[in-house]
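For reference, the structure discussed in these notes is given below.
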Amino acid sequence: GWKKHRIDRNHNVTVGDNRFYHMHTPSAEIGQTVTVDITHSQIEQKDHVTQFTPTSRSATQGLLPLAGNSTLNIANVSFDSNAQMTFDGSDDHILTSENIALNGSQTFEVITTISGGPQSPAGIISNHDYANTSNFGLNHINGNRIGISIGYTDNSREYDSKYTTYTATVGTPFHLVMTFDQSSNTVKLYINGVLDSTFVLTKTVKFTSRPVVLGRWDYQYTYYYFNGKIPVAKAYNRALSAADVTQNFKKYQTRFGLA
């Protein structure tokens with residue numbers, strides 16, 4: 001649930017009414033800036049002044065902004081012993097309840113583990129609309145590669161012709177990032193913090209406001225489901241730099257046992 005984090009003058013960090021961490025900073029003085037690194041804690045965007053109450057969301061709503069304008073329904077996925085989301089490759093998926101406008105430069109970032117398949121193109125994270133031929137998505141494709149879904153203004157689309165040189169190993173987690181720089185019309189794929197592939201597009205990408213889906217190729221297409229785990233999924237409205245990607249990978253490396 002939603003918890004208030006407070007740091008007092010003695011640098012004790014408090015969550016709600018429970019003190020859980022003490023900063024050992026004898027040299028820090030009152031008024032001096034102190035950086036606190038809190039890990040293994042869900043932080044929700046505070047876009048409303050009122051915090052959650054115990055009955056303000058259902059058991060199947062995984063994340064809910066406090067304004068209440070969007071939900072993620074997690075009824076169609078399971079969780080492993082580490083509380084990581086698992087997708088069975090048959091019908092499991094997570095879909096945002098509202099359209100997301102990822103127009104122009106953008107980034108998809110996931111930690112994922114392939115468990116089997118694929119039912120190619122098995123969607124890992126996608127804003128792609130196959131019918132309206134727009135937006136991007138990332139897919140597990142044949143050969144255990146990662147392919148990119150792209151919809152263009154000429155009403156054409158692709159989903160497995162641009163893919164990684166990296167071949168995923170079943171059961172081994174990896175950090176996957178796709179960036180799109182609109183100014184250069186360039187897509188890049190990174191694996192475990194390292195640039196894997198670069199594609200300079202020869203067509204113009206079409207952008208439409210659509211839901212984001214995890215575990216399925218397209219938000220409205222009831223096929224091509226992902227078989228694996230996705231404990232981390234992010235979308236940015238800018239293209240991360242190579243340094244950003246490497247930094248993010250290092251933050252996840254130990255936690256998820258990444259190579």
* What's the verdict on side chain to side chain contact (heavy atoms under 4.5 Å, CB included) for E98 and I100, showing C-alpha distance, side-chain angles and the deciding distance? -> CA-CA 6 Å; E98 63 177 8; I100 307 296; 4.2 Å; yes
* **Main-chain N/O of D91 paired with D88 side-chain donor or acceptor, under 3.5 Å** => yes
* Any T107 side-chain heavy atom under 4.5 Å of D244 side chain -> no
* Asked: Pick from L176, I230, L258: which one makes a side-chain contact (heavy atoms from CB on, under 4.5 Å) with I111?
  -> L258
* Do side-chain atoms of R145 reach the backbone of T164 as a donor and acceptor pair under 3.5 angstrom? -> yes
* Is the shortest side-chain N to carboxylate O distance from D218 to R157 below 4.0 Å? -> no
* Structure fact -> Sorted by chain and residue number, the ring-ring contact (aromatic ring centres under 6.0 Å, His included) partners of Y152 (sequence neighbours excluded) come out as none
* To do: Could you please spell out the steps behind the side chain to side chain contact (heavy atoms under 4.5 Å, CB included) verdict for V110 and K234?
  => CA-CA 6 Å; V110 298; K234 299 179 180 180; over 6 Å; no
* Which heavy-atom pair separates H140 from G116 by the least distance, and what is that distance? -> CE1-O, 3.6 Å
* Measure the CD1-CG distance between I124 and L214 for me, rounded to the nearest 0.5 Å. => 10.0 Å
* Asked: Judged by atom type as modelled, is there a donor-acceptor pair below 3.5 Å linking the side chain of T86 to the main-chain atoms of K229?
  -> no
* To do: Using the six-membered ring wherever Trp is involved, compare the ring planes of W217 and H128 and label them parallel, tilted or perpendicular (cut-offs 30° and 60°).
  => tilted
* Asked: Do V170 and I146 belong together in a cluster built from hydrophobic side chains that touch within less than 4.5 Å?
  -> yes
* Do we see a donor-acceptor contact under 3.5 Å between the side chains of T186 and D181? -> no
* To do: Compute the centroid of each ring, for F180 and then for F136, and state whether the two points are separated by less than 6.0 Å.
  => yes
* To do: Give, for atom CE of M178 and atom CD1 of I125, the distance between the pair rounded to the nearest 0.5 Å.
  => 9.0 Å
* Measure the spacing between CG of D160 and CG of N139 and express it to the nearest 0.5 Å. => 8.0 Å
* For Y190, which residues count as a ring-ring contact (aromatic ring centres under 6.0 Å, His included) partner, sequence neighbours excluded? -> none
* Asked: Got a sec, which pairs hit salt bridge (charged side-chain N to carboxylate O under 4.0 Å, His left out) with one end in residues 115-142, sequence neighbours left out?
  -> D129-R210
* From CA spacing to verdict: side chain to side chain contact (heavy atoms under 4.5 Å, CB included), F226, I114 -> CA-CA 8 Å; F226 177 67; I114 290 170; 4.0 Å; yes
* Counting heavy atoms not belonging to Y163, are there more than 12 under 6.0 Å from its OH? -> no
* Asked: Which distance, rounded to the nearest 0.5 Å, do you find between the OG1 of T179 and the CD of E109?
  -> 11.0 Å
* To do: Establish, yes or no, whether a centroid distance under 6.0 Å links the rings of Y159 and Y224.
  => no
* **F87 side chain reached by N227 side chain, heavy atoms, under 4.5 Å** => no
* Does a sphere of radius 6.0 Å around NZ in K250 hold more than 12 heavy atoms from other residues, nucleotides or ligands, not counting ones at 6.0 Å or beyond? -> no
* Asked: In terms of the angle between their ring planes, are Y130 and Y221 parallel, tilted or perpendicular, with boundaries placed at 30° and 60°?
  -> perpendicular
* **CZ (F79) with more than 12 external heavy atoms under 6.0 Å** => yes
* To do: Say whether, by atom type as modelled, one donor and one acceptor occur between the side chain of T113 and the main chain of G228 under 3.5 angstrom.
  => no
* To do: Decide whether L195 and V187 are clustered together by the hydrophobic rule: side chain heavy atoms of Ile, Leu, Val, Met, Phe, Trp, Tyr closer than 4.5 Å, transitively.
  => no
* **Distance in Å, I148 CD1 paired with S197 OG, rounded so as to fall on 0.5 Å steps** => 7.5 Å
* Ignoring hydrogens and geometry, is there a side-chain-to-backbone donor-acceptor pair from T204 to T153 under 3.5 Å? -> no
* Please check if I191 and F108 belong to a single hydrophobic cluster, counting links between Ile, Leu, Val, Met, Phe, Trp and Tyr side chain heavy atoms closer than 4.5 Å. => yes
* Can you see which heavy atom on Q182 is nearest to which on G104, and at what distance? => OE1-CA, 3.3 Å
* Where is the tightest heavy-atom contact between P173 and G257, given as atom of each residue plus distance? -> CG-O, 4.3 Å
* To do: Look at the aromatic rings of Y252 and F256 and report parallel, tilted or perpendicular, splitting at 30° and 60°.
  => tilted
* For K162 and L201, indicate whether the former's side chain and the latter's backbone hold a donor-acceptor pair under 3.5 Å. => no
* Under 4.5 Å between side-chain heavy atoms, hopping through other hydrophobics if needed: is there a path connecting L138 to F207? -> yes
* Hey, what's the ring geometry for H175 with F249, parallel, tilted or perpendicular (30° and 60° as the breaks)? -> tilted
* Structure fact -> Scanning both residues in full, the closest heavy-atom pair of P211 with L95 reads CB-CD1, 3.7 Å
* Straight-line distance of N144 CG to Y166 OH, nearest 0.5 Å -> 9.0 Å
* Asked: Taking all non-hydrogen atoms of both residues, which atom of A101 and which atom of S209 are closest, and how far apart?
  -> N-OG, 3.9 Å
* Asked: For A122 and P118, which heavy atoms make the closest approach, and how far apart are they?
  -> CB-CB, 4.2 Å
* Asked: Looking only at atom types and distance, does a side-chain atom of Q247 sit under 3.5 Å from a main-chain N or O of V245, one as donor and one as acceptor?
  -> no
* **Note, K206 side chain near N132 side chain (heavy atom, < 4.5 Å)** => yes
